Structures are given as C-alpha cells and as structure tokens.
Amino acid sequence: MSERKPKVVGFCCEKHGIDSAILAARSGRQYDASVRIIKVPCTGRVDGIHILQALEDGADSVFVLGCLEKNCHYDTGSIEGRKRVEYVKSTLADLGIEKERVEMFNASSTMAWKFPEIVSKMVDVARRLGPIGKAGGDR
Amino acid sequence: MIVAKRKPMAEIAEMVAPYKTVKVIGCRSCVAICLAGGEKEVKMLVSALRLKAKKEGRKQEFEGLVVERQCEKEWVEEVEGKILDSDLVLSMACSLGAQTIGDMYPKKIVFPALNTGIFGVPEEQGVWSEKCVGCGNCIIHTTGGICPIARCAKSMLNGPCGGSSNGKCEVNLEVDCAWYAIHERLKLQNRLDLIEQVSPPKDWSTSHSGGRRVYVRDDAKLTQHQKKGKEAVR
C-alpha cells in the first residue's frame, strides 16, 4: 500500500508570501508538492474560521505566511494574522488537539530559501501527527 | 450592552460530548458586538467542536445558527424546527437568550456556551468595562454621570474611602477611583457643591433582592382582544 500523502494548507499573502514561493521556484529550489497554497490579499484577512475549516476539511497542518512584520504591505496585516493564528492555537490546545498543526510565518519576497523551509517543517508536522481523529476520515 | 465571554473550550466540549445532534445558536445583538456569540464565533465554535468530535472518534452533528435577538420569542421562533430537531441546544447568547429558548421549549436541553458578565461599554477594541449594575435606582445625575455603585469597589455613596490614592483604587492600582473621577467631573462642570451633599442610605429594594424583578408598562401591554387578533394572524 502506498504511503499516505500529508495534507498541508498554506494561506499566503499575495505580496511577499506568494512572491517568496515564486522566487523559490524560479531559483530552482524544490518543495514538497503536498502543500496546497491559498492566495489571500493579506494575512490580516485570514480568520480563525478559515484555519479551522481547513483542518476540518482534512488538512493535517496549516500555515499562514505573510510579510515581515515591520515590512507588511498593509502595515499591520501580518500582525493581525499572527494574532488570529495564536488564537486558533490556543483553541486547539484547549481541545486537546496538537497546536503545532497551525503555525504563522513571515517572509520577504527576496527570501527564496524560506518557503521550502516552511513547507518542509509543516510537512514534517503533518507526517508526524497524521490526520486528526479517525471517525470522520478524510473528506 | 450585556457583555459575555465564551466558556473555556474544554468545558464546552465536555458539556456537549454525550449529545448526538447539537444546534449551536448565536445572537446578533450584544454578544455579537462583544465578539462572544455572533455569526463568526458560532462558526468557530462549531468547527472546533467538530474537530474535537473527530479527534475522539465520536459521531456527532453540529449545526450553527444565528438569530437576531435570542431574548425575544419572535426571533427564536424562526429556528423552531431546528431546535425541535436537536438533542441539545448550545446557546451562544447571554443567559437571557439561553433561558428564553429553555422557557419556550421546556422539553429541550439548553446549555450556555457563554458566561454572561457585565453591563459594559467598549472602552477600546477588545476591551469592555462595567459601568452599571442595574440597581434599579439611578443616581448618576448627582455624581457627574459616573456610577459609584458599579465603578467603586466598595460602592461608596458619600465620597471615597481612605484607600483612594493618586486617583487610583486600593483594591486594584490599575483601576481608577470612582470618587476621584466624580470629583474631577463635577469640578469640570462647576457643580462641586454636589459632592458636599450627603446621600442618605440607598433604597436597595429596587435592586436584585426579593426574587425576579419584572418591569411592566401598562400602555404597551396587549389587551385580551389584541392578543386574540395577533394569534389569529399567526
């Protein structure tokens, strides 16, 4: 039987977040194809419900990638994004679900190495923890 | 407005664990404004509870609903079918909303997802502070518009206690002394003479004592004839 592929969802802002992924690809760096990138206008737009919904829909781990905090295109968007991620992490911990399934990262569009590094970290988490529960199974 | 806070997630998860069909019902009034039980919070809770059930291998059905004002029967009736179709109603309104559903459908089990806290005002984004305790006998016309019952730790009526220091309260140095604030406000309004007037002991009979308080406005009540007409329209 083939090994189950981990499911990782990444909410990336359309400025530095996506650009760092594009630059990684253009500079020949490889990253795990398990990641599903969702482009958002700004990580300040990512709400806790989006992250929880991704987990509910079968993601093993979710990350949010925004601009560097002092260089956010919308000034405070990535700070807002981090607050939401922290809130979701505390909610998961309260429920006895591994909070490391959800992480916030920041990158600049020139950090070509950063995106593969983030994907690798979240794929590791997904592999280590596997899917949440067994009753619902993967949708 | 009424300010409430969500119970700890673990406590809610434990409460709902034995029930198969759970309807989570929020409210678009006060609790939505204080970010405790509006549409977004309902969606978050439903999603979190689904994850918890999935994690523990329980087959449970959660559905999120939101009504305009859960403390009014007319709005609750809009989701009557969903309520009757559930094993448990988890109310994300204040206790008034939860009790309204409980009174309307006494056979249904209604649990609160929020702890109802205070009559408060938003001071800044994410911060609400208590400014009224609903004593039923308002005196803020004599105190510069500041309530010493709610805002003084000892509910003093005739000036500050000996614990007021540099405008702060001895109970908590981060809290402003209500009577210092009253003095400053009356000074600003050139009404400092009021502070020298002695308040007699307060009539607490209008406060929470002697059981449930009921307010009636006779001219707004429906006559029997009007009630029959309203029923006929339904």
Side-chain angles (χ1 to χ4, degrees), chain A residues 4 6-9 11 38 40 44-62 64 75-77 79-103 125-126 128-139, chain B residues 4-22 24-26 28 31-66 90 92 111-115 124-127:
Chain A
R4 177 186 176 276
K7 290 182 181 174
V8 179
V9 171
F11 292 96
I38 296 171
V40 290
R45 179 62 190 91
V46 178
D47 198 88
I49 185 63
H50 300 132
I51 301 169
L52 287 175
Q53 192 77 61
L55 290 171
E56 205 189 308
D57 284 351
D60 305 328
S61 64
V62 178
V64 179
D75 194 22
T76 58
I79 295 171
E80 287 300 325
R82 182 170 293 280
K83 285 197 275 185
R84 312 262 166 79
V85 167
E86 292 303 324
Y87 183 74
V88 171
K89 283 169 80 77
S90 71
T91 301
L92 292 178
D94 251 14
L95 290 169
I97 297 169
E98 305 83 359
K99 63 178 180 182
E100 57 267 40
R101 289 183 186 272
V102 179
E103 291 294 351
V125 169
R128 182 162 52 83
L129 300 176
I132 297 175
K134 288 169 189 169
D138 295 333
R139 287 193 200 176
Chain B
K5 201 175 181 181
R6 198 198 66 210
K7 284 176 176 288
M9 203 56 100
E11 187 183 337
I12 298 173
E14 195 183 330
M15 283 184 343
V16 304
Y19 302 93
K20 192 171 178 294
T21 311
V22 181
V24 182
I25 307 182
R28 288 199 181 92
V31 292
I33 308 299
C34 68
L35 311 177
E39 196 149 359
K40 194 187 277 187
E41 291 75 27
V42 167
K43 282 184 180 171
M44 285 275 285
L45 182 61
V46 166
S47 194
L49 290 174
R50 279 186 188 142
L51 280 174
K52 175 73 172 171
K54 193 172 173 182
K55 166 96 179 162
E56 297 189 346
R58 275 197 309 272
K59 295 279 184 192
Q60 280 181 293
E61 285 172 30
F62 295 97
E63 185 181 1
L65 309 157
V66 189
L90 183 62
M92 274 201 105
F111 285 170
L114 306 184
N115 287 325
E124 58 177 280
Q125 192 169 313
V127 179

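Each chain gets a letter, A, B and so on, in the order the sequences are listed, and its residues count up from 1. No experiment lies behind these values; they were computed from the predicted model shown.
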Exercise. Just how far is it from atom CE of Met44(B) to atom CD of Gln53(A), taken to the nearest 0.5 Å?
Worked result: 11.5 Å

Exercise. For Arg45(A), does the CZ atom sit with more than 12 other heavy atoms under 6.0 Å from it, leaving out its own atoms?
Worked result: no

Seminar exercise, completed: Closest non-hydrogen contact found for Leu52(A) with Ser47(B) is CB-OG, 3.3 Å

Exercise. How long is the gap from CG on Asp94(A) to NZ on Lys7(B), to the nearest 0.5 Å?
Worked result: 13.5 Å

Exercise. For Ile51(A), is it the side chain, the backbone, both, or neither that has a heavy atom closer than 4.5 Å to a heavy atom of chain B?
Worked result: neither

For this session: Inspect the surroundings of CZ in Phe111(B) and state if more than 12 heavy atoms from other residues, nucleotides or ligands are less than 6.0 Å away.
Result: yes

Problem set entry | Atom pair CG (Leu55(A)) and CZ (Arg50(B)), whose distance is rounded to the nearest 0.5 Å | 13.5 Å

Exercise. When rounded to the nearest 0.5 angstrom, what distance separates NZ in Lys54(B) from CD1 in Ile132(A)?
Worked result: 6.5 Å

For this session: For Glu86(A), look at atom CD and say whether over 12 heavy atoms of other residues, nucleotides or ligands are found less than 6.0 Å away.
Result: yes

Seminar exercise, completed: Closest heavy-atom pair, Lys55(B) versus Gly96(A), reported as atoms and distance to 0.1 Å, is CE-O, 3.4 Å

For this session: Quick one: pull up CG in Leu95(A) and CD in Glu14(B) and give me the separation to the nearest 0.5 Å.
Result: 12.0 Å

Exercise. Would the number of heavy atoms belonging to other residues, nucleotides or ligands and lying under 6.0 Å from NZ of Lys43(B) be above 12?
Worked result: no

For this session: Measure the CZ-OG1 distance between Arg6(B) and Thr91(A) for me, rounded to the nearest 0.5 Å.
Result: 5.0 Å

